[in-house]
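Model, not experiment: these values are computed from the prediction. Side chains are part of it too, since the values below use all heavy atoms of this structure and drop only hydrogens, waters and symmetry mates. Order of the sequence lines sets the chain letters (A, B, ...), proteins ahead of strands, with each chain counted from 1.
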Amino acid sequence: MHRWSKLFIPTLREAPAEAEVASHKFLVRSGYIRQLGAGIYSYLFLGQRSIDRIVAIVREEMDRIGQEFLLPTIHPADLWRESGRWTIMGDAMFRLKDRKGADLCLGMTHEEVVTDIARNELRSYKQLPQIWYQIQTKFRDEPRPRAGLLRVRQFIMKDSYSFDLDEAGLDRSYKLHDQAYRAIFTRCGLNFVVVEADSGAMGGSQSQEFMVYTDAGEDLVASCAACGYAANLERATSRLAPVKEMEPTGDGKPELVSTPGQAAIADVTKFFNIDSASDIKCVAYMATIPVKNSDPKKGPQTMAIPLVAFLRGDHFVNETKLLKVAGATDLRPMGPEELETYLHAPAGYLGPVGLKPKKAVDPGPDLSEFEAGEVTVILDPGLENRRNLVCGANKVDYHYRNVVPGRDFQWTKVADIRNVLEGEGCPQCGAPLKVARAVEVGHIFKLGNRYTDKMGARVLDANGKEVTPIMGCYGIGIERILVAAIEQGNDANGFWLPRSIAPFDVIVTITNVADAALKTAGEKIASDLEAAGFDVLLDDRDDRAGVKFKDADLIGVPWRVTVGKKVAEGKVELVTRATASGSDIAIADIAAELGRLAAQR
RNA sequence: CGGGACGUGGCUCAGCCUGGUAGAGCACUCGCUUGGGGUGCGAGGGGUCGGCAGUUCAAAUCUGCCCGUCCCGACCA
């Protein structure tokens, strides 16, 4: 039993001014956390207890499928140079030097470290499969820490890595993680969805994310209530409603039209009196791509190439999709000079007619592969097979109409590069899609042999042939489980956590400790509840009842037992925080009643 | 990194525009009071006004640079 009078639980009446989302405000107000710097937090008593309970659940479920390790936080740079990620990770990586001047970094993920172990130790297919996991602090120098514990620079991650002989094995390891994750998030009381995801910087083929819907989230999820389809917006697709094509004017060939001052899509559609779906939007980028066959001594070299995306006027570019299509590591909008160089026109009058599209997206050994004026042109499928469109003429104050893709201009590649919009048809069943914000609490990837291959991990298969093990990697953000749970259950007065991850199961509030009868009764009830298996916080502070009620409501404990005047009648009040509903219970029955409520969840 | 905002006791903020004595509420300490939704009264302690430089007789206040924090975008658990 813990007595509040002896504890450090610094609750605040007011939230810090910089806190905007509920979980951030309440984590600080409830004394769970304190900020040390941008994206760096101390976990105080209550915060640490809750984290501990989350970790215990994660560990229990992971132990069913894998083995726990604890890998180093400080990594030699050479390890990361081998995988090529010393450069790729860029500024997100915390770097330091040791006394000898050797480069080191703080671990932001551990593929390199586990692959190093694997290549040194694994020799035979008989040693596979392996699933290794750890629960450990990760360091990422995030460009923008956000919203309390939602996005931080130091956080606890459960990360695991699987090694299998073949695809079928990887499928099994992946499936095991899928099941373990579902069990973990269910036990943590999260209302989560599993979505198709982009595999991002990790590379690899299949990947899915575990998401909790909340407006505080940073991700957007497109989902279909009819068939269950759900995907991160970075990956989601949709069926488009058919567009009514316009009739051609004149001889049906592209016609140059003077459109002075009509630069924005809204202006152009108004000028021509057309739907924006019949206008071609042009978004011009400079893309950074790795140079093929670059000198390995010099490390990976990159070059900037012109990349122009065309899509429907009412659609929006998804840069994650575009990066992937272009094989690029970075995108930035073209500046005015670059627009002049490659498109010969300023923004607002850009179009596909007359461009020299590069033959393939695959970059050559160097820039000389590009013929003068060549640009990589990506066409969104929303424009393919369309007719009589309007687009910029690559000439100030002029547009074309009657433009037909394929007849009047060519492209490098057709690829889905747009954001799905709410209401568009589900790609599986056609029902209208919803788009909502969510927090990513877990992510599982099929990695393939990218690391094992590069770093030289090999085992002999049953035929004595050398093969490269295939990897999967899997992550859970421990603090994000807490954040998501708070976002999921809060009101004006505070929040409530599921019992499984709350710092205490129940708080016993003695309304007036100056009253010896109440004090004695409270102590007895608290120790009885503890004996019955509950984690009990006894609020024995010499404060007014109102103060203690406010605090109890604030700190996330799912139940409260109020020990007050009715003790004289042998009763106390049992309140469920989530519903703010309570009832009087005979003191003798309190443990049984609480057990009954706990079992309902 | 691009755009925006802010930085004054532990917390929330006023004062700055129009330079001259640094304030309030909450929190804290002591006394009394009260005792089922942040009790009331009284007395106290606590601030290099983010830092550095400049302007000025005089800077929290005006100017410049730097640092820090938050928000919106590009990245991710």
Side-chain angles (χ1 to χ4, degrees), chain A residues 10-21 24 28-29 34-40 58 88-93 108-109 135-160 181 197-202 207 209-212 217-219 232 234 285 317-320 322-323 329-333 439-445 473-484 493 509-515 518 541-554 560 562-567 572-573 575 580 582:
Chain A
T11 59
L12 265 26
R13 283 192 188 215
E14 285 170 293
E18 62 269 15
E20 301 221 333
V21 310
H24 185 193
V28 175
R29 282 194 55 202
R34 286 295 184 263
Q35 183 174 31
L36 186 61
I40 308 175
V58 171
I88 291 172
M89 288 308 191
D91 292 337
M93 183 180 255
M108 48 194 302
T109 177
I135 297 166
Q136 198 224 33
T137 302
K138 295 282 186 278
F139 297 88
R140 298 184 184 176
D141 194 358
E142 290 289 342
R144 189 155 97 79
R146 243 199 96 228
L149 294 187
L150 186 63
R151 172 162 225 86
V152 288
R153 298 197 292 172
Q154 168 177 346
F155 61 99
I156 305 169
M157 178 154 100
K158 187 291 298 175
D159 48 324
S160 46
Y181 277 35
D198 179 69
S199 39
M202 296 295 176
S207 102
E209 289 166 330
F210 296 77
M211 297 283 202
V212 176
E218 299 181 289
D219 287 276
N232 193 306
E234 293 170 348
Y285 294 95
V317 174
N318 182 306
E319 294 191 355
T320 304
L322 186 57
L323 274 172
T329 56
D330 190 41
L331 289 177
R332 63 171 174 81
V439 170
E440 180 185 355
V441 290
H443 198 162
I444 61 180
F445 299 86
C473 73
Y474 317 88
I476 288 178
I478 300 295
E479 293 91 333
R480 280 199 182 167
I481 292 179
L482 178 58
V483 167
N493 296 322
T509 302
I510 300 171
T511 56
N512 181 6
V513 292
D515 183 329
L518 296 189
R541 292 175 298 169
D542 183 12
D543 262 307
R544 313 233 344 152
V547 172
K548 293 196 262 195
F549 291 152
K550 288 286 184 195
D551 274 344
D553 286 348
L554 177 63
R560 185 182 82 211
T562 306
V563 180
K565 288 169 187 150
K566 288 172 194 143
V567 162
V572 290
E573 191 185 9
V575 181

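Rounded to the nearest 0.5 Å, atoms OG (A:S207) and OH (A:Y474) are 11.5 Å apart.
Nucleotides B:G7 and B:C11, compared at atom C1', are 15 Å apart to the nearest Å. With P as the reference atom, B:U63 and B:C6 are 13 Å apart, rounded to whole Å. Nucleotides B:C13 and B:G9 place their P atoms 12 Å apart, quoted to the nearest Å. Taking the C1' atoms as reference points, B:C49 lies 8 Å from B:A22, given to the whole Å.
Atom CG in A:L554 sits roughly 14 Å away from atom C1' in B:C11 (whole-Å rounding).
When both pairing distances are held under 3.5 Å, B:C6 makes a Watson-Crick or G-U pair with B:G68. Across all strands shown, B:C76 forms no Watson-Crick or G-U wobble pair with both distances under 3.5 Å. With both pairing distances under 3.5 Å, B:G25 is matched to B:C11 as a Watson-Crick or G-U wobble pair. In this entry B:G19 has no Watson-Crick or G-U wobble partner, no candidate having both defining distances under 3.5 Å. Remark: B:G31 base-pairs with B:C41. Criterion, Watson-Crick or G-U wobble with two distances under 3.5 Å. Across all strands shown, B:A60 forms no Watson-Crick or G-U wobble pair with both distances under 3.5 Å.
Close to B:C76, at under 4.0 Å from its OP1 or OP2, lies no side-chain N or O of A:R146. For the OP1/OP2 pair of B:C72 and a distance below 4.0 Å, the side-chain nitrogens and oxygens of A:R144 include at least one atom meeting the criterion.
At a cut-off of 3.5 angstrom, counting only N and O atoms as typed in the model, there is a donor on one side and an acceptor on the other between the side-chain of A:D219 and the base of B:C76.
Between A:R146 and A:E218 there is a salt bridge, since at least one side-chain N of the basic residue sits less than 4.0 Å from a carboxylate O of the acidic one. Salt bridge present: A:D141 and A:R153 bring a charged side-chain N and a carboxylate O closer than 4.0 Å. Salt-bridge annotation for A:K565 and A:D515: absent, with no side-chain N of the basic residue lying under 4.0 Å from a carboxylate O of the acidic one.
Heavy atoms of A:R34 sit nowhere under 4.0 angstrom from any nucleic acid atom. Nucleic acid contact class of A:P145 (heavy atoms, under 4.0 Å, all strands): sugar-phosphate only.
Stacking of the aromatic ring of A:F549 onto the base of B:G38 is not found under the criterion of centres within 5.5 Å and planes under 30°.
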